[in-house]
A.B. asks: 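Questions regarding the structure given below will be posed in turn.
By convention in this document, chain letters (A, B, ...) are assigned in the order of the sequence lines, proteins followed by strands, and residues within each chain are numbered from 1.
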Amino acid sequence: MSHTTDEPVDSEKRALNFIETIIEEDKLNMKNGGRVHTRFPPEPNGYLHIGHAKSICLNFGMAEKYGGKCNLRFDDTNPEKEETEYVESIMEDVKWLGFQWDKEPYYASDYFDQLYEWAVKLIKKGVAYVDDQPQEMISQQRGTPTRPGTESPFRNRSVDENIDLFARMKNGEFPNGSRVLRARIDMTSPNMHMRDPVMYRILQADHHRTGDKWKIYPMYDFAHGESDFLEGITHSLCTLEFEVHRPLYDWFIDQLIDDKSYRPRQIEFARLNLSYTVMSKRKLLELVKNNIVKGWDDPRMPTIAGLRRRGYTPASIRAFADRIGVAKRDNVIDVGLLEFSVREDLNKISPRVMAVIDPVKVILTNYPDDKLEDIELVNNPEDPESGSRKVPFGRELFIEQDDFMVDPPNKYFRLGPGREVRLKGAYVIRCESFELDEKGAVKTIYCTYDPETKSGSGPKQPKIKGTLHWVEASSAVTAEVRLYDRLFMDEDPAGHKEKDALEFMNPDSLKLLNNCKVEPMLATVKSGDKFQFQRIGYFCVDPDSATNKPVFNRTVSLKDNWAKVSQKEQG
RNA sequence: UGCCCGAUGGUGUAAUUGGCAACACGUCUGACUCUGGAUCAGAAGAGCCCAGGUUCGAGCCCUGGUCGGGCAACCA
């Protein structure tokens, strides 16, 4: 009963998921020679999203865990929707997630010749025929889930006639849509997919790889199982909606291949749903087309490109995929879990910096006018290797508006008239007075500092509850910060029968802050750089940045207990 | 009136394959803290969709329901 080889390296005897259980059984029984070969088979007609990431992690993960291989295969059987642009973005995303496919990417279109040959073989066997009927007629004859279909009048054509017609379809002798090749199975099958499914349609369209070579294209159902077979796939992992297709795939292979020593096995799992977002390509496309977001890589999008721009790390997405598990029941995963996964990773790796996103000026009335001193700050307390840096400190500073209240409640550990607070890494200051502008907003806060309390070296180190982050005014760099929130206000925006998801858009999903003050070092930051803005959250440099004009995307906020406490107090 | 899946704390996933339900996130306490972060310690929360049956014993097996999802593109 011992699993002879390939025990998972990460030890931790975590329970197996149902797919791992199947794979281990298959290996034990030496099915397909005990090999494990999976594949990730996207259609290049859109950008990958977090749901695909689940599938990618699963497919590549199983191959990795069991010492097998995983192919990247583009299911490009519909030339009307597919483009090279998508092929490239998909490859980029898979690599970025940290996976390497076996050899070169595969394409279903590489098999068009083989598929054609196989179709002819099925015709010769008498299990495929050309149907001259229009689409509507075929669809009508298919019946409904509860009513059997009826047979096409062309179903019993001679093999010769079928061969001839199919060849002429291929040669482009017939207009689009005028004829199809169908499998001859069973029009009364309780499984709709077995009711003489279409195998080939006439489509005089240029294909992104085969150009104008083909006038007919195979349907996904006829290409997919065969592609798996041709690549030696052992475990074909896909989402639940293909469960009812499986008998068809098996039927095709059994008709085509007599030697039963090797067969791919399809295993279906439930697709990922994330709360407060939509996951279908169609809906995501709608968001892009209607300019609700700024593109496929808008940081609010659940696309891989969007998450990347938002500041998510590959490791965090892999950890997320790992945590959500795989099963067959419908699920809606709390976005909070995704957020937890980034925080966990970013907490370990991101340098802490000082940034005030909603600044208010503080003047230290007893601090020398022209003096600037260097304050030494630790880069990342979670990572001793990360060292420290110097940040200027002076008489005029910025702190966060939120960190000052004219009339603060008891549990507010920050600044207010007469209150004391520590400036991170620097001194304890005391608020003596403040000044309001015409609108009644706090304009300037006047404080005194206690030179004896300098962080570390000062003789006085009083216990102070509140510590604030700050930025020295004269050296501060002005930055733009983009605060993102969930795109939808409903937990399951696509789950309403009578309402469109777009009715649940969150009007505040993007908040632009143009006058943020950040420490000098951040003037020369690079796109993609990640930081923790002390006490605020994790931020990532957006490609829109320029030297001295950095733009930061908020990846995720820090957990905020004060927000909870203050909310409770308000009732 | 058809066929195929599924049903375990708020969410997701487990249960050595019949022996009184575990883990993660979340929630709540408390400790610690120059990030109200992190970390650490602890707690609450399901009696496993329902009803029968098999069994000494069932979340795991059987039967019948209920509820949820999928299936009727010349899409994938």
A.B. asks: Considering every strand shown, what is the Watson-Crick or G-U wobble mate of U11(B) when both distances are under 3.5 Å?
C.D. replies: A24(B)

A.B. asks: What is the distance from CD of Glu344(A) to P of C25(B), rounded to the nearest Å?
C.D. replies: 8 Å

A.B. asks: Consider the side chain of Thr144(A), meaning its heavy atoms from C-beta on, and name the nucleotide among A72(B), U13(B), G37(B) that approaches it most closely.
C.D. replies: A72(B)

A.B. asks: With rounding to whole Å, what would you report as the distance between C62(B) and U27(B) at their C1' atoms?
C.D. replies: 40 Å

A.B. asks: Using a heavy-atom cut-off of under 4.0 Å over every strand shown, decide if Gly537(A) touches base, sugar-phosphate, or nothing.
C.D. replies: nothing

A.B. asks: Check this one for me: any side-chain N or O of Arg201(A) less than 4.0 Å away from OP1 or OP2 of A73(B)?
C.D. replies: no

A.B. asks: Roughly how far apart, to the nearest Å, are G68(B) and C60(B) at atom P?
C.D. replies: 22 Å

A.B. asks: Base, sugar-phosphate alone, or nothing: which one does Gln133(A) contact when heavy atoms must sit under 4.0 Å apart?
C.D. replies: base

A.B. asks: Categorize Asn191(A) for me: base, sugar-phosphate, or nothing, with a 4.0 angstrom heavy-atom threshold over every strand shown.
C.D. replies: nothing

A.B. asks: Syn or anti for A72(B), taking syn as within 90° of 0?
C.D. replies: anti

A.B. asks: Could you tell me how far G12(B) sits from G2(B) if I compare only their C1' atoms? Round to whole Å.
C.D. replies: 33 Å

A.B. asks: Using a heavy-atom cut-off of under 4.0 Å over every strand shown, decide if Gln135(A) touches base, sugar-phosphate, or nothing.
C.D. replies: base

A.B. asks: From C-beta outward on Phe340(A), which listed nucleotide comes closest to its side chain: U35(B), C25(B), G6(B)?
C.D. replies: C25(B)

A.B. asks: Is there a donor-acceptor pair under 3.5 Å between the side chain of Arg147(A) and the backbone N or O of Pro145(A)?
C.D. replies: no

A.B. asks: Please tell me which of the listed nucleotides, G2(B), A76(B), U8(B), lies nearest to the side chain of Thr146(A)?
C.D. replies: G2(B)

A.B. asks: Output the single nucleotide from C28(B), G37(B), C3(B) whose closest atom is nearest the side chain of Pro190(A).
C.D. replies: C3(B)

A.B. asks: Is the glycosidic torsion of U27(B) within 90° of 0, making it syn, or is it anti?
C.D. replies: anti

A.B. asks: Measure from NZ or CZ of Arg182(A) to the centre of the six-membered ring of Tyr129(A) and say whether it is under 6.0 Å with the direction within 45° of the ring axis.
C.D. replies: no

A.B. asks: Parallel, tilted or perpendicular: which one describes the rings of His193(A) and His245(A), with boundaries at 30° and 60°?
C.D. replies: tilted

A.B. asks: Would you say the rings of Tyr200(A) and Tyr217(A) are close, in the sense that their centroids are separated by under 6.0 Å?
C.D. replies: no

A.B. asks: How close or far is atom C1' of C75(B) from atom NE2 of His207(A), stated in whole angstroms?
C.D. replies: 14 Å

A.B. asks: Which whole number of Å gives the distance between the P atom of G47(B) and that of A22(B)?
C.D. replies: 14 Å

A.B. asks: Base, sugar-phosphate or nothing for Pro42(A)? Non-hydrogen atoms, less than 4.0 Å.
C.D. replies: nothing

A.B. asks: Roughly, in whole Å, what's the span from NE2 in His193(A) to P in A72(B)?
C.D. replies: 5 Å

A.B. asks: Looking only at atom types and distance, does a side-chain atom of Arg422(A) sit under 3.5 Å from a main-chain N or O of Ile429(A), one as donor and one as acceptor?
C.D. replies: no

A.B. asks: Looking only at atom P, what distance separates A58(B) and C48(B), rounded to whole Å?
C.D. replies: 12 Å

A.B. asks: At 4.0 Å (heavy atoms only), tell me whether Thr77(A) reaches a base, stays on the sugar-phosphate, or touches nothing.
C.D. replies: sugar-phosphate

A.B. asks: Could you please name the option among A72(B), C74(B), U33(B) that lies closest to any side-chain atom of Met192(A)?
C.D. replies: A72(B)

A.B. asks: Please work out if Tyr217(A) contacts a base, only the sugar-phosphate, or nothing of the nucleic acid, heavy-atom cut-off 4.0 Å.
C.D. replies: nothing

A.B. asks: For Glu80(A), which contact category applies under a 4.0 Å heavy-atom criterion: base, sugar-phosphate, or nothing?
C.D. replies: nothing

A.B. asks: Measure from the side-chain heavy atoms of Asn17(A) and tell me the nearest of A76(B), C25(B), A14(B).
C.D. replies: A14(B)

A.B. asks: Return the nucleotide paired to G2(B): Watson-Crick means purine N1 to pyrimidine N3 with N6-O4 or O6-N4, wobble means G-U with N1-O2 and O6-N3, both under 3.5 Å.
C.D. replies: C71(B)

A.B. asks: Just wondering, do Pro197(A) and Ile185(A) contact through their side chains at under 4.5 Å, heavy atoms?
C.D. replies: yes

A.B. asks: Expressed as a whole number of Å, how far does the C1' atom of G59(B) sit from that of A21(B)?
C.D. replies: 8 Å

A.B. asks: Send over the distance from Asp560(A) CG to A38(B) P, rounded to a whole Å.
C.D. replies: 10 Å

A.B. asks: side-chain hydrogen bond (donor to acceptor under 3.5 Å, both in side chains) between Gln133(A) and Asp131(A): does it pass, once the steps are laid out?
C.D. replies: CA-CA 6 Å; Gln133(A) 300 182 102; Asp131(A) 196 332; 3.2 Å; yes

A.B. asks: Determine the contact category for Gly149(A): base if any of its heavy atoms lies under 4.0 Å from a base atom, sugar-phosphate if only primed atoms, P, OP1 or OP2 are that close, otherwise nothing.
C.D. replies: nothing

A.B. asks: Answer with base, sugar-phosphate or nothing: what part of the nucleic acid does Pro134(A) contact at a heavy-atom distance below 4.0 Å?
C.D. replies: base

A.B. asks: Write down the distance separating the P atoms in U16(B) and U66(B), rounded off to the nearest Å.
C.D. replies: 31 Å

A.B. asks: Measuring from the side chain of Arg414(A) (C-beta onward, heavy atoms only), which nucleotide among G36(B), A73(B), C71(B) has the closest atom?
C.D. replies: G36(B)

A.B. asks: Separation of Asp345(A) atom CG from A24(B) atom C1', in whole Å?
C.D. replies: 17 Å

A.B. asks: Looking only at side-chain atoms of Met219(A), point me to the closest of G37(B), C75(B), G36(B).
C.D. replies: C75(B)

A.B. asks: Can you check whether Ile233(A)'s main-chain N or O pairs, donor with acceptor, with Arg265(A)'s side chain at less than 3.5 Å?
C.D. replies: no

A.B. asks: Pairing check on G45(B): which nucleotide meets the Watson-Crick or G-U wobble criteria with it, both distances under 3.5 Å?
C.D. replies: none

A.B. asks: Using a cut-off of 4.0 Å on non-hydrogen atoms, how would the nucleic acid contact of Val198(A) be classed: base, sugar-phosphate, or nothing?
C.D. replies: sugar-phosphate

A.B. asks: Give one of base, sugar-phosphate or nothing for Arg323(A), where a contact means two heavy atoms less than 4.0 Å apart.
C.D. replies: sugar-phosphate

A.B. asks: Would you tell me if any nitrogen or oxygen in the side chain of Ser341(A) comes within less than 4.0 Å of OP1 or OP2 on C25(B)?
C.D. replies: no

A.B. asks: Which nucleotide wins on minimum distance to the side chain of Asn78(A), given the candidates G2(B), A76(B), A73(B)?
C.D. replies: A76(B)

A.B. asks: From the set A14(B), C71(B), C25(B), return the single nucleotide nearest to any side-chain atom of Ala15(A).
C.D. replies: A14(B)

A.B. asks: Counting only distance, no hydrogens or angles, is the base of G37(B) paired donor-acceptor with the side chain of Glu382(A) under 3.5 Å?
C.D. replies: yes

A.B. asks: Counting only Watson-Crick pairs (N1-N3 plus N6-O4 or O6-N4) and G-U wobbles (N1-O2, O6-N3), all under 3.5 Å, who is the partner of C61(B)?
C.D. replies: G53(B)

A.B. asks: Establish, with yes or no, whether the OP1 or OP2 oxygen of A38(B) is under 4.0 angstrom from a side-chain nitrogen or oxygen of Lys559(A).
C.D. replies: yes

A.B. asks: So that I can tick it off, tell me whether Arg535(A) and Glu400(A) are bridged by a salt bridge, with the cut-off set at under 4.0 angstrom between side-chain N and carboxylate O.
C.D. replies: no

A.B. asks: Indicate whether OP1 or OP2 belonging to C28(B) is found under 4.0 Å from a side-chain N or O atom of Lys564(A).
C.D. replies: yes

A.B. asks: Write down the distance separating the P atoms in C28(B) and A38(B), rounded off to the nearest Å.
C.D. replies: 13 Å

A.B. asks: Please determine if a side-chain N or O atom of Arg329(A) lies less than 4.0 Å away from the OP1 or OP2 oxygen of U13(B).
C.D. replies: yes

